[in-house]
Every structure is written in structure tokens, then in C-alpha cells.
Amino acid sequence: MSLVSNAIESLRNELLVEQGLELLEDPADLRRLSRDCFDYSPVLQDQLEGCRAELVVRPQDVAAVERLAALCSKHRVPLTVRGAGTGNYGQSVPLEGGVVMLTGNLQAIRHLDPISGVVTVEPGCPMRDLDQWLRGHGRQLRLLPSTWRSASIGGFLAGGSGGIGSIRWGFLRDPGHLLGLEVVSMQQQPQRLTLPAHQAEALNHAYGTNGIITALQLATAPAVTWQQLVIDCPDWEGAVALMLACGRSAIALHLVTLLEQPLLRHLPPWSGPAGEAHRLLLLVSPDGVSSVQRLADAHGGQLRDLGPEDLNGGNGLRELTWNHTTLHLRSADPSWTYLQMLLPQPELAAMAMLRQRWGEELLWHLEAVRQQGSVRLAALPLVRWSNHERLEQLMNDCRQAGAFLFNPHVLTVEDGGLGVVDADQVAAKARFDPAGLLNPGKLRGWTERS
Ligand code: FAD
């Protein structure tokens with residue numbers, strides 16, 4: 001028996017007599033809970049298909065998380081935290097096996113400050129439940145991924161970046177969203193620490209590589225009953241201009257998405273039947289509807305008001321946006337994959353250049369976002385997969401056109417982000433995971449440290 005399997009066996013024997021640590025060992029569970037949504041990338045699909053946890057453990061509370069961290073540290077067994085497992089880059093896939101820890105029992109909403117609206121919540125709380133609970137108190141989440149019905153709040157913070165709400169609130173790593181964390185360190189004698197915002201930021205979007213988050217303190221927004229508007233635009237230039245005009249207006253917006261016409265044929269018909277036009281999908285505050293109508297008229301768009309969102313339905317406009325566009329297209333034809341980028345300004349010239357070279361191998365899906373205070377267009381274009389080399393060629397062309405790529409076909413925090421090592425993330429790992437056991441292989445700055 002190898003050293004690793006010896007360690008796993010010893011760990012397993014100790015876990016069996018521990019209280020509050022549910023052990024899952026069924027091979028089907030091990031397989032299912034070692035995967036996330038990496039299959040959106042044919043590149044990652046090949047790399048991650050065989051990765052398996054040897055044990056899956058569900059702690060009952062934060063004290064049990066501490067006992068699990070102590071035992072894994074003692075036996076030097078890697079531990080990968082998993083929320084709902086909806087990440088797209090294999091964030092919760094255990095590259096080196098070991099334990100996958102489920103956060104599903106850590107769901108408590110601990111506190112809502114009635115004056116500031118700051119909420120303190122445990123990481124396994126489903127975002128849908130948290131948002132619904134906040135709405136009962138006149139608040140709502142500022143930022144949600146389109147997977148908000150299934151994703152956990154801890155998984156979103158550690159693995160996500162933005163989404164619905166990004167037109168108003170930018171991205172999760174912008175200062176002001178994350179106000180503090182409770183963290184358990186990965187040591188034989190784990191520490192439970194409360195980190196203020198400036199220290200917590202190092203764990204924001206770090207894929208659970210540098211600490212186990214056991215509670216998050218987040219800013220929220222006043223609740224709004226968002227109105228769903230659909231605007232059909234006969235030409236692409238007019239649609240992009242209207243999208244930017246909406247984004248730059250004083251209208252309160254939660255979402256502004258633009259879908260190129262060929263995409264509409266493959267999406268569920270929740271925004272109405274597909275015609276010959278490109279389509280904008282908006283979530284707008286009730287007092288903004290007439291102003292959007294005015295902007296649509298000025299840009300030759302045809303507006304339809306679908307009324308207030310029904311958040312129980314699961315078939316509203318928000319379920320057609322962000323990476324849900326990719327999900328729907330892939331359900332119709334799994335040979336599509338995607339890219340993520342911030343378009344350069346002016347956007348139309350860059351898109352025209354890429355269209356000329358790539359034709360309909362690339363279909364445009366745009367999201368208006370606030371980036372460092374300015375309205376910018378993010379693109380999640382659908383890409384017809386042929387092979388790795390062609391994808392690399394396309395990404396190079398996008399960079400040459402001036403786009404900033406967030407590559408969804410890579411495994412590390414750095415390569416999927418700005419491409420550079422964040423010294424604070426690495427320092428936090430040295431502090432909270434000195435043996436390098438948390439989600440190994442995902443923080444390049446740690447692997448490459450001297
Ligand atoms: P998981 O996938 O389980 O985990 C994500 C990462 O967080 C992993 O590295 C995990 O180890 C770590 N983690 C989880 N809990 C903890 C913890 N307690 N402590 C430390 N680390 C932890 N993402 C967006 O940002 N915006 C979108 O709009 C968006 N749309 C999507 C649409 C589709 C169809 C799909 C498939 C994915 C989409 N995603 C999006 C990616 C993903 O759904 C989100 O980032 C989601 O919030 C992840 O939550 P989760 O609970 O599934 O996390």
C-alpha cells in the first residue's frame with residue numbers, strides 16, 4: 001500500500017469515530033462530488049475527467065470543520081472545499097485526490113444589521129435562499145451568478161466573479177462587497193479567525209486554496225422588484241449603441257444583456273419568439289421603464305414589457321444570461337464552447353474584425369458591466385469547438401483586437417484571471433495553509449514560489 005493510501009486509510013479510521021463528520025464513500029458519490037461544470041471546456045474535460053476524491057466528508061458545523069482540518073493536516077491529506085459544484089474551471093475538482101468537504105450543512109444566516117444591511121452568513125447557504133430571506137427584510141444580494149438558484153454563497157465568493165447586478169455593482173473583488181470573513185486554518189491545531197475586509201480580500205476568488213471560509217460578511221442592496229424588458233433591434237450597431245446608452249443612463253438597472261440573433265433560435269422561448277432581430281434583455285427598476293422606452297425609440301428598437309420578475313419561476317430573463325446562455329446553447333448542441341473577455345473601446349470595431357476572421361464560428365453574447373467605475377461591455381461569445389490549436393488562435397486574435405481575456409479553459413486562479421500572481425493570496429496561503437493541502441494545484445503563485 002502506498003504512503004498516500006496509508007494516510008487515507010488512517011484518516012478514514014479516525015473519521016469513522018468522529019461525531020459531526022458525515023462520511024460518503026459510495027463510488028457514485030465520489031465520482032459525482034469530484035466534478036463541477038468543467039465540461040463547458042473541452043480542454044478541461046480532457047484534463048479533469050479522471051480526478052477523484054478518495055473520501056467525501058460533510059461537517060455538521062464549524063467545530064466539525066475544525067476537527068476535519070486537524071485530521072487532514074495530521075495525515076497530510078489534501079482537502080478541497082465544495083459548495084454546489086457549479087464552477088466552470090474545475091475549481092472544486094480535487095486534482096490530487098484526498099478529501100472533498102461539502103459545505104451543505106453550514107447554512108445559517110447569522111445576522112443582518114438593520115441599519116447598514118450588512119449580512120453575515122455561513123458559506124453553504126444557497127444564494128437563492130439568502131436572496132429570498134433578504135427580500136423578506138427589504139434587502140437583496142447585489143451580485144448573483146446566473147446559477148443563483150443552485151450556487152452557494154461561499155462558492156460564489158471563492159470561485160465566482162460577477163453576473164446579474166454587475167452593471168450596477170461591478171465585480172466581487174471590487175472593494176465594498178466583502179466586508180469580512182470567518183476562516184478556519186488548515187493546521188493540526190486549526191485556528192478560527194475573524195478577518196476584517198482588508199485581510200479577507202486575499203481569500204476572495206482564491207478557489208478555497210488559502211483558508212476554509214466558515215462565514216462571510218457582505219454588503220447588500222435595497223430590494224427592488226425588477227421589471228423585465230425585451231428590446232429587439234434590427235441592426236447590430238444600433239443594438240450595441242442602445243446597450244451602452246442604457247448603461248450610461250441614470251436608470252437603475254440590474255441586468256443588460258445583448259444576444260446576437262442566431263443565438264435566439266437555440267434558447268428557450270422565455271423572452272418571446274425569435275425573429276430576425278438581435279435582442280436586448282433588461283432588468284430595470286419600475287421608475288426606469290419609461291426612460292428605457294424613450295432610449296429604445298431613439299435607437300429604432302421594439303420594446304416589450306414582460307412585467308415584474310417572478311423569482312419562483314426559473315424561466316425569467318435572468319435565466320437566459322451570463323453563462324446560462326452558454327448552458328442553453330450547449331443543451332441544444334454540445335459542440336459549442338465559450339470565451340470570456342472585456343471588449344476594448346470602441347467595441348464595434350473589435351467585434352467586426354473578429355467576425356471578419358471567424359465568421360459564425362463565434363456568436364456574440366454581451367453583458368454590460370461596471371468596470372472601475374465605467375460602463376464597459378463584457379463578452380461571453382459562443383465558440384464552435386474544433387480543436388485546441390484553433391481555440392488558441394482565436395484567443396490570440398481576441399487579444400490582438402484589444403480584448404482582455406479571462407480564459408475559461410485553464411485551472412489556476414491566476415491564469416483564469418489577470419494572469420499575474422497576487423502576493424497577498426500566496427501570503428494568506430502561507431498563513432492559513434502552511435503545508436499546502438487546500439485545493440492543491442490551483443494557486444500558481446504557491447506552486448511556483450521559490
Ligand atoms: P463551487 O463550484 O462548489 O466552488 C467554487 C470554488 O469555491 C471552489 O474552488 C471551492 O473550493 C471554493 N469554495 C466553496 N466553498 C468554500 C468555502 N467555504 N471556503 C473556501 N473555498 C470555498 N459565475 C459567475 O461568477 N457569474 C455567473 O454569472 C456565472 N454563471 C454561470 C452559469 C452556469 C450555467 C454555470 C455552470 C456556471 C456559472 N458560473 C458563474 C460559475 C459558478 O456557477 C459560480 O461561480 C457559483 O457561484 C459557484 O458556486 P458553487 O456553490 O457552485 O461553488
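In listed order, ligands and their atoms are each counted from 1. Counting begins at 1 with the first residue of the sequence.
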Ring centroid separation Phe406 to Phe404 under 6.0 Å = yes
shortest atom 28 (O) of ligand 1-to-protein heavy-atom contact is with Ser146 N, 3.1 Å
Note: ligand 1 atoms sitting under 4.0 Å from heavy atoms of Gly208 are 20 (C), 21 (N)
Per-atom filter on ligand 1: closer than 4.0 angstrom to a heavy atom of Pro123 are 18 (N)
One finds that the ligand 1 atoms under 4.0 Å from a non-hydrogen atom of Asn323 are 30 (N), 31 (C), 32 (C), 33 (C), 34 (C)
If you scan protein heavy atoms around atom 37 (C) of ligand 1, the nearest is Asn88 OD1, 2.9 Å
In this structure, atom 25 (O) of ligand 1 is nearest to the protein heavy atom Ser161 N, 2.7 Å
Looking only at the side chains, is there a donor atom on one of Arg139 and Thr220 sitting less than 3.5 Å from an acceptor on the other? yes
| Less than 6.0 Å separating the ring centroids of Trp270 and His328? | yes
Worksheet item: Which word best sums up how the rings of Tyr207 and Tyr89 line up, parallel for under 30°, tilted for 30 to 60°, or perpendicular for over 60°?
Response: tilted
min-distance protein heavy atom vs atom 33 (C) of ligand 1 -> Thr147 CG2, 3.4 Å
closest protein heavy atom to atom 19 (N) of ligand 1 is Ile213 N, 3.0 Å
Are any of the heavy atoms in Gly211 under 4.0 Å away from ligand 1? yes
Sequence neighbours excluded, the answer for salt bridge (Lys or Arg N to Asp or Glu O under 4.0 Å) partners of Asp433 is Lys429
### Task
Using a strict cut-off of less than 4.0 Å between a Lys/Arg side-chain nitrogen and an Asp/Glu carboxylate oxygen, indicate whether Glu361 and Arg384 qualify as a salt bridge.
no
Near Ala151 (heavy-atom distance under 4.0 Å), the atoms of ligand 1 are 46 (C), 47 (O), 49 (O), 51 (O)
Q: Could you tell me whether ligand 1 has any atom less than 4.0 Å away from a heavy atom of Asn439?
A: yes
Counting heavy atoms under 4.0 Å, the part of Ala158 that contacts ligand 1 is both
Under 3.5 Å between some N or O of ligand 1 and some N or O of Thr80? no
Ligand 1 atoms nearer than 4.0 angstrom to some heavy atom of Gly162 are 24 (C), 25 (O), 26 (N), 27 (C), 28 (O)
Counting heavy atoms under 4.0 Å, the part of Trp322 that contacts ligand 1 is side chain
Quiz item: Taking distance alone, with no angle check, do Gly163 and ligand 1 share an N/O pair under 3.5 Å?
Solution: no
Short version for Asp36: what comes under 4.0 Å of ligand 1, heavy atoms counted, is neither
Tell me whether Thr103 has any N or O atom under 3.5 angstrom from an N or O of ligand 1.
no
**Prompt:** For Asn323 and Asn88, what are the C-alpha separation, side-chain angles and deciding distance, and is it a side chain to side chain donor-acceptor pair (under 3.5 Å)?
**Reply:** CA-CA 9 Å; Asn323 227 11; Asn88 284 119; 3.0 Å; yes
Exercise. Counting both backbone and side chain atoms, is some N or O of Gly83 under 3.5 Å from an N or O of ligand 1?
Worked result: yes
Note: ligand 1 atoms sitting under 4.0 Å from heavy atoms of Leu327 are 34 (C)
ask   = Passes side chain to side chain donor-acceptor pair (under 3.5 Å), Arg142 versus His177? Steps please.
value = CA-CA 8 Å; Arg142 288 176 168 186; His177 292 307; 3.2 Å; yes
Residue, atom and distance of the protein heavy atom nearest atom 17 (C) of ligand 1 read Val81 CG1, 3.5 Å
Is there a heavy atom of Tyr40 sitting under 4.0 angstrom from any atom of ligand 1?
yes
Worksheet item: Is it true that a side-chain atom of Asn210 and a backbone atom of Ala202 form a donor plus acceptor pair closer than 3.5 Å?
Response: yes
The closest protein heavy-atom partner of atom 14 (C) of ligand 1 is Gly155 CA, 3.6 Å
Is Arg173 salt-bridged to Asp422, cutoff N-O under 4.0 Å? yes
Salt bridge between Arg52 and Glu96, side-chain N to carboxylate O under 4.0 Å? no
### Task
Measure from the side-chain N and O atoms of Ser41 to the backbone N and O of Leu44, and report whether any donor-acceptor pair falls under 3.5 Å.
yes
Here the atoms of ligand 1 under 4.0 Å from any heavy atom belonging to Cys37 are 36 (C)
In terms of ring plane angle, is the pair His278 and Trp236 parallel, tilted or perpendicular, where the classes change at 30° and 60°? perpendicular
- Query: Less than 4.0 Å between a side-chain N and a carboxylate O, is that true for Arg12 and Glu25?
  - Reply: yes
Ligand 1 atoms nearer than 4.0 angstrom to some heavy atom of Gly160 are 25 (O), 45 (O)
By side chain to side chain donor-acceptor pair (under 3.5 Å), Arg376 pairs with (sequence neighbours left out) none
Ranked by distance from atom 23 (N) of ligand 1, the top protein heavy atom is Pro145 CB, 3.9 Å
